[in-house]
Amino acid sequence: MTDTVRVRFAPSPTGHLHIGGARTAIYNWAFARHHGGSFVLRIDDTDKERSTEENTQAILRALRWLGLDWDEGPDAGGAYGPYHQTQRGGLYAEALETLKSNRRAYPCFCTPETLDAKREAARAAGGFSGYDRTCRSIDPADANARIDAGEPHVWRVKVPADRGDIVLDDAIRGTVTFPSSAMDDFVLVRTDGSPTYMFATVVDDWKMDITHIIRGDDHLSNTPRQVVVFEALGATVPTFGHMGLIFGADGKRLSKRHGATSVEAYRDMGFLPEALLNYLALLGWSLDETNVFDRATLVERFELSRVSKNPAVWNPGKLEWMNGVYLREMTAEEFLDRILPWLYEAGLLTAADATARRAWLLELAPLVSERIKSLDEVVGMVSFLFTDELVIEESAREKVLAKEGAGRALEAVAAVLADVEMTPAAVEDALRDIPDRLELKPKLVFQATRVAVTGSTVSPPLFESIVLLGRDAALARIAATQPLATP
RNA sequence: GGCCCGUUCGUCUAGCGGCCUAGGACACCGCCCUCUCAAGGCGGAGGCACGGGUUCGAACCCCGUACGGGCUACCA
């Protein structure tokens, strides 16, 4: 046994990393780092039908993207390997032998059909509907004979008759008591010899010297069962901590119908890993009244006693707000490096262009970073700067260019732009004169110019946009714009 | 049905017997700023599930009820 903290995250590679799983990983990671312990990654791939290597890699990728690191795992190795359950069969077999020899497990020959029937009957009668322990009283010699004769059987754990209440000192929920009278002699090893999840996970946590099991509270009711196995194995029972689950807005467990649920989906929608991490950390844990904090603060301040017991509803709106906060806090350099991949992807520019025009891009960056909530909005906001054939939005044309005076305004703007110094301040000074001169509202002049230059009624600030676009392009666009009304 | 857990503004939460006329954040509404959109500033509306106790005093402790959730598989 070790006295240092060892925690694990054990995903099933049957799909991508779910945001609920990600939060569990984050809490375990933060707990380990806070205590200077070890964070172990184990792949619970006993479901051979649905587990894939692609999923495993995708999960590792998502965890790394979030900025989590682990001390032991399938790729990192470690003294407690292997880290795939499918490679640990020998350990489960060994553990079963232990339980056979100390008589804490027994073979059960009941067929699924009889069990179903009994369960139905018990439930109809009300009360406990667990296994009735028929096979527990079979004489060991008879049982062995039946096994030797090839009779199909499973192995069940024997819950001691005198065990009494199983009392859990949960690190998140406090004391939870389970009467052992409601405890089932559940299956450890299936007819085909494979371990059930309940058995494999206990053997692994035991063999890996896991000290704290931090997981969703959907496992709370399973915990006394697992405690019984730890005890039967003669293992030290780890400390448990059960957190509330993440729900959708309808109060149901988060699933596909609530929209995006995988970490990588959020990455692809333009969310920053630090923002997702922050939001997830805050969903069911609180520092005090601080909402925005960095990774180091999370590690420094994380404690299980401040993890919430109640379920939390996933709130995409707050995630977006938080992503915006992180986006706005970035320097132009940082922000530019984040958006470049999106610009490449959209075909707006090449890596060579980006290098050549870096100074120009750095001028653009702060104009955009203040206006978006996620990276995927960048392309739509800046594409007008990268096209040779601007298409003016029809609604903008109707709403602005059809206004009385729009044509005169554009002519005046063009005249002024022809020889103004190309800095935002100079352009602004020059254009500010026009409304008075033409007796038009400033808003009309500026909006008409905006539509002509950017193609939309919504854009980054006008004067900066004109400067970034350049005199020639701006003048060409204004000249090409046909107002709908007579001047 | 049985066992277990949970319940503070719409949402995430602070609160751990007097500091609470219940604080913060998102969202919402209004005003300000303003070349659009944002961002920002100021202000507003909005909550202790219900009923009993215990106590001088309860959002906080106890007991019920209601509602929600989990488990009750040879799923994980």
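Everything quoted here is computed from the prediction, not taken from an experiment. A, B, ... follow the sequence lines: proteins, then strands. Residue 1 opens every chain.
In this structure, CG of A:L280 is placed 12 Å from P of B:U13, rounded to the nearest angstrom. For the pair A:L319 CG and B:U11 P, the interatomic distance rounds to 18 Å; values are reported in whole Å. Taking atom CZ of A:R328 as the reference point, atom C1' of B:A38 lies 8 Å away to the nearest angstrom. Atom-to-atom, CG of A:D288 to P of B:G15 comes out at 9 Å; the value is rounded to the nearest Å. Atom CZ in A:R371 sits roughly 13 Å away from atom P in B:C35 (whole-Å rounding). A:W314 has its CH2 atom 15 Å from the P atom of B:A27, to the nearest Å. The distance from atom NZ of A:K118 to atom C1' of B:A73 is 16 Å, rounded to the nearest whole Å. Here B:C4 presents its P atom at 12 Å from CZ of A:R225, a figure rounded to the nearest Å.
Across all strands shown, the partner of B:C28 is B:G44, judged by Watson-Crick or G-U wobble contacts whose two distances both fall under 3.5 Å. Under the Watson-Crick or G-U wobble criterion, with both distances below 3.5 Å, B:U54 is left unpaired in every strand shown. Nucleotide B:U65 forms a pair with B:A49, judged by Watson-Crick or G-U wobble geometry with both contacts under 3.5 Å. Across all strands shown, B:A39 forms no Watson-Crick or G-U wobble pair with both key distances under 3.5 Å.
Note on A:D217 versus A:K309: no salt bridge recorded, every NZ/NE/NH1/NH2 to OD/OE distance being 4.0 Å or above. With respect to A:E394 and A:R397, a salt bridge is recorded, a charged nitrogen being found less than 4.0 Å from a carboxylate O. Salt bridge status for A:K373 with A:E320: absent, with no side-chain N to carboxylate O gap under 4.0 Å. A salt bridge does not link A:R371 to A:E464: none of the charged nitrogens lies less than 4.0 Å from a carboxylate oxygen. Using a 4.0 Å cut-off between charged side-chain N and carboxylate O, A:D204 and A:R8 make no salt bridge. Residues A:D429 and A:R432 are not paired through a salt bridge, judged by the lack of any N-O separation under 4.0 Å between the basic side chain and the carboxylate.
Heavy atoms of A:V154 sit under 4.0 angstrom from at least one base atom. Heavy atoms of A:T457 sit under 4.0 angstrom from at least one base atom. A:L283 comes within 4.0 angstrom of sugar-phosphate atoms only, judged by non-hydrogen atoms across all strands, and of no base. Residue A:R306 is classed as a sugar-phosphate contact, given heavy-atom separations below 4.0 Å to backbone atoms only. Residue-level contact check: A:T290 touches neither bases nor backbone, having no heavy atom under 4.0 Å from any strand. In this structure, A:P224 reaches neither bases nor backbone, as no heavy-atom distance under 4.0 Å exists between it and the strands shown. Residue contacts shown for A:E370 include a base, since a base heavy atom lies under 4.0 Å away. The residue A:R450 sits close to a base: some heavy atom pair falls under 4.0 Å. Here A:G244 lies out of heavy-atom contact (under 4.0 Å) with every strand. Within the nucleic acid shown, A:G130 has no heavy atom closer than 4.0 Å to any nucleic acid atom. Note on A:N222: a base of the nucleic acid sits closer than 4.0 angstrom, heavy atoms only.
Here A:W314 and A:Y279 bring their ring centres to under 6.0 angstrom of each other. Note: A:F31 and A:W285 fail the aromatic proximity criterion, with ring centroids not under 6.0 Å apart. Aromatic pair A:F446/A:F463: ring centres closer than 6.0 Å.
With both ends at atom C1', the span from B:A45 to B:U36 equals 29 Å, rounded to whole Å. Taking atom P in both B:C62 and B:A27, one finds a spacing of 37 Å when rounded to whole Å. Using C1' as the reference atom, B:G15 and B:A59 are 8 Å apart when rounded to the nearest Å. Across the P atoms, B:A76 and B:C71 are found 14 Å apart, a figure rounded to whole Å.
Partner of A:D185 under the salt bridge (charged side-chain N to carboxylate O under 4.0 Å, His left out) criterion, out of A:R133, A:R156, A:R104: A:R133 alone.
For B:C74, the base has a donor-acceptor partner in the side chain of A:T191 [N/O atoms by modelled type, under 3.5 angstrom]. Taking only distance into account, the side chain of A:N315 never meets the base of B:A25 through a donor-acceptor pair shorter than 3.5 Å.
Using modelled atom types and a 3.5 Å distance limit, the side chains of A:R215 and A:T223 yield a donor-acceptor pair.
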Filtered N/O pairs between nucleotides 66-68 of chain B and protein, under 3.5 Å:
none

Which pairs, protein N/O on one side and nucleotides 44-47 of chain B N/O on the other, fall under 3.5 Å?
none

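Under 4.0 angstrom from either OP1 or OP2 of B:A73 there lies at least one side-chain N or O belonging to A:R119.
The aromatic ring of A:H242 does not stack onto the base of B:G70, failing the criterion of a centre distance under 5.5 Å from the six-membered base ring together with planes under 30° apart.
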